[in-house]
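The figures that follow rest on heavy atoms only: side chains count, while hydrogens, waters and symmetry mates do not.
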Amino acid sequence: MAILKHKTNKNMNYGDALDYLLFQHDEYTMKPILDEQGRKQLRDEYYIDGINCEPMFFEKECEMVNKKYHKNYRYDEIKSHHYVLSFDPSDKTERGLTGEKAQQLGLEFARKNFPGHQMLVVTHTDGHNHSGNIHVHIVLNSVRKETVAEEDFMERPCDHKAGYKHHQTRALLSHLQKSLMELCEREKLHQIDLLSPSASKITQEEYWAQRRGQKNLDEINKQIIEDGYIPTQTKFQTQKQKIREAVDELAAVSKSFEEFQSQLFEKYKITVIEKRDRYSYHVPGRDKNISERSLGTHYGKEYLSNIYGSRAVVEIPDIQPTKDYNPNYDYHADPIAIIYIRSNLRLVTDLQTCVKAQQSQAYAHKVKLSNLKQMAETIVYVQEHGYDTREHLQDQYQKISSKVQSAKSAFNAVSAELKVTNMTIKHLGSYYSNRRVYAQLGKVFNKKKYRQEHAQELAAYKDSSEWLKAHFPDETLPTIKDMQAKKESLKNRKKTLQSNYEYYRDYEKDLRIVTTNVDEILGVDTSRQNSKQHEEELS
């Protein structure tokens, strides 16, 4: 299936486009890949042609046209448009598509749909991130070089005249998609209906956000594993993808919109709102809702209304009671039978030190029954985890306690580093925003008056300067952008380390209760040991 991608570029340096098309680049950072001598490396296979320009002089010829028509001088103007025709990977093996053939199709598509513009047409055969699919890049100067015949798909009277800019609209995009479909149909290539709305709409921005997020998460998890911990999250998901997976899971098992709405919030904290016969979704930590249009047709009211309750209900046959299992028996009333039921562990109460049990025989009987139940659950826990000796259990408890301390130390270290990072961002902002005021102080004649008028800015600059000098004595100051990236990385790592710490903390709590209960069952006197441990905790 061939797809069409489009993006605009406000970069005034047209040479950057040619540089990207000819040389190998890292798909994440978009920086060129250098060899051992520090030189750029050409792509393994590419085909390049220019339309209304020489491809190697694309930058200079575009600048000449811009200068002639006095266009593309403002920083906020769109300087060029970048279209990508991406063919199905199977076209290469099943339909005999080659890079040379794709280049000819790209040139035909460009001449037909962008007449009069200066264009670079470049075909790559390695695919994005070495996926193997052949794709064609079409980079065109936004200003038309030549006047051409007026075509039906041109919406404005000036769209065929020289000196006017390329006008990208929804109607033009639909025309381009239709043109690509006809081209693939003629050449017997795999193709889908590009004009129909996508069931799961993943934009280019979301795709790259997913890739960057996964890369950052992999780097964080690598560091966590090196520190001896277990990552709690291995797959990064965008907020839109989380909504899609939650909706896919709950829509078919919900019998109505109300049930779907309730289950979505209860399980995933996602709020779905129906307004003007459309759904919109809200996830925690986001200000604006996400519309059904941005997710795809399978996440809107029209589609989901026909899905509610569509999954067939499977009848489960009745389980017949056996001699080992009786569904009508009250296991919670029998302290011996409860040995086969897992429940929350609690400490066994010492009747010798329980004043209330000594004063009331009925309460003492209740405590004995509760103790039997807790002992039974303790035995189940020991059997399930394979603790064959008391020493084995003690060793495991000491091991997990050590991990708790290590996890807590790592969490506190990251928290402290995150605090310093936040302070750095704060002082960098104050330093750069007030630096001009401080620099002006050396140029004014009446410095006393200037200090009085800008006392607050000068004081803030001084505080920030001293703080930064103390924390970066021999280094150049970092950029705010780098520190913000570091902050996001630390926040993600802190979240993972917190989950790690909570996991080991809860594990230690269970082992502490089990160890105490086992000692009580075995009649081991731990009062002396507990007293010593209590003294150590107080000290």
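Relative to the ring axis of Y69, K67 does not place its NZ or CZ within 45° and under 6.0 Å from the centre. Cation-pi geometry between R43 and Y20 is met: the NZ or CZ atom falls under 6.0 Å from the ring centre, inside 45° of the normal. Annotation: cation-pi pair K7/Y83 absent, no NZ/CZ under 6.0 Å from the ring centroid and within 45° of its normal.
Here E292 does not pair with R276 in a salt bridge; the nearest charged N to carboxylate O distance is not below 4.0 Å. Electrostatic pairing of D91 and R95 does not count as a salt bridge here, judged by no charged N lying under 4.0 Å from a carboxylate O. Between D19 and K40, at least one side-chain nitrogen of the basic residue sits less than 4.0 Å from a carboxylate oxygen of the acidic one, meeting the salt-bridge criterion. The residues K101 and E187 are annotated as salt-bridged, a charged nitrogen and a carboxylate oxygen being separated by less than 4.0 angstrom.
Between Q241 and Q210, the side chains place no donor N or O within less than 3.5 Å of an acceptor N or O (distance only, hydrogens not considered). For the 3.5 Å distance criterion, the side chains of Y268 and E249 qualify, holding a donor opposite an acceptor. Judged purely by distance below 3.5 Å, without hydrogens or angles, the side chains of T234 and N221 never pair a donor atom with an acceptor atom.
Annotation: the span from L250 atom CG to F260 atom CZ amounts to 6.5 Å, rounded to 0.5 Å.
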Salt bridge (charged side-chain N to carboxylate O under 4.0 Å, His left out) between E274 and K301: does it pass, once the steps are laid out? CA-CA 8 Å; E274 180 183 356; K301 179 182 178 182; 2.4 Å; yes
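A171 approaches E155 most closely through the heavy-atom pair CB-OE2, 3.2 Å. Closest approach of K161 and R144 over heavy atoms only: O-CD, 3.6 Å. Pairing each heavy atom of L97 with each of A102, the nearest pair is CD1-N, 4.1 Å.
Checked against the 6.0 Å centroid threshold, Y279 and F257 count as a close aromatic pair.
Looking at residues two or more places apart in sequence or on another chain, you find a salt bridge (Lys or Arg N to Asp or Glu O under 4.0 Å) between D76 and R74.
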Show me, pair by pair, the donor-acceptor contacts under 3.5 angstrom made by side chains of residues 478-487, not counting sequence neighbours?
unit_1 : atom_1 : unit_2 : atom_2 : d
T479   : OG1    : D482   : N      : 3.1
T479   : OG1    : D482   : OD2    : 2.9
K487   : NZ     : N422   : OD1    : 3.4

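Classified by interplanar angle (parallel below 30°, tilted 30° to 60°, perpendicular above 60°), the ring pair H117/H166 is perpendicular.
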